[in-house]
Amino acid sequence: IFILIFELFNFWLAMKITAGIRTYVNAEGLYSKGQKEAYNGLLKYYTSRDEVDYNEFLMKLENHNFSARDFRLELN
């Protein structure tokens, strides 16, 4: 019985760790996606020099700003 209880606890702990890793990878993906979209918007503005493209870049930068606080909340 002790071994079964120990293994159950071990399984529970492994699932908690796995969920944390999965959340970390998801948050890192969101951060990378935001950076990529902002960079592409800035590149579009650089080639066109249109003020509308620059405003779109700023909107993307504001919408996908994944700060450290948001990252910690996502992990929790």
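Side chains included, hydrogens not; waters and symmetry mates left out as well; all remaining heavy atoms used.
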Reported [atom1]-to-[atom2] distance for the pair [X] and [Y], which is rounded to 0.5 angstrom:
X: L8; Y: L4; atom1: CG; atom2: CG; result: 8.5 Å
X: E56; Y: D50; atom1: CD; atom2: CG; result: 8.5 Å
X: M15; Y: N10; atom1: CE; atom2: CG; result: 10.0 Å

Under the salt bridge (charged side-chain N to carboxylate O under 4.0 Å, His left out) rule, collect the residues that match up with D53, sequence neighbours excluded.
->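 Expected list: K44.
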
Test side chain to side chain contact (heavy atoms under 4.5 Å, CB included) applied to I17 - qualifying residues, sequence neighbours left out =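 With sequence neighbours excluded, I17 shows a side chain to side chain contact (heavy atoms under 4.5 Å, CB included) to L13, I21, given in chain and number order.
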
Of all residues at least two apart in sequence or in a different chain, which pass the side chain to side chain contact (heavy atoms under 4.5 Å, CB included) check with R22?
->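 With sequence neighbours excluded, R22 shows a side chain to side chain contact (heavy atoms under 4.5 Å, CB included) to T18, A19, given in chain and number order.
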
Check: I1 and I5 side chains under 4.5 Å, non-hydrogen atoms |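 Heavy-atom side-chain distance check passes, below 4.5 Å.
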
Taking ring-ring contact (aromatic ring centres under 6.0 Å, His included) as the test, write out the residues that go with Y54, two or more places apart.
->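 Y45, F57.
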
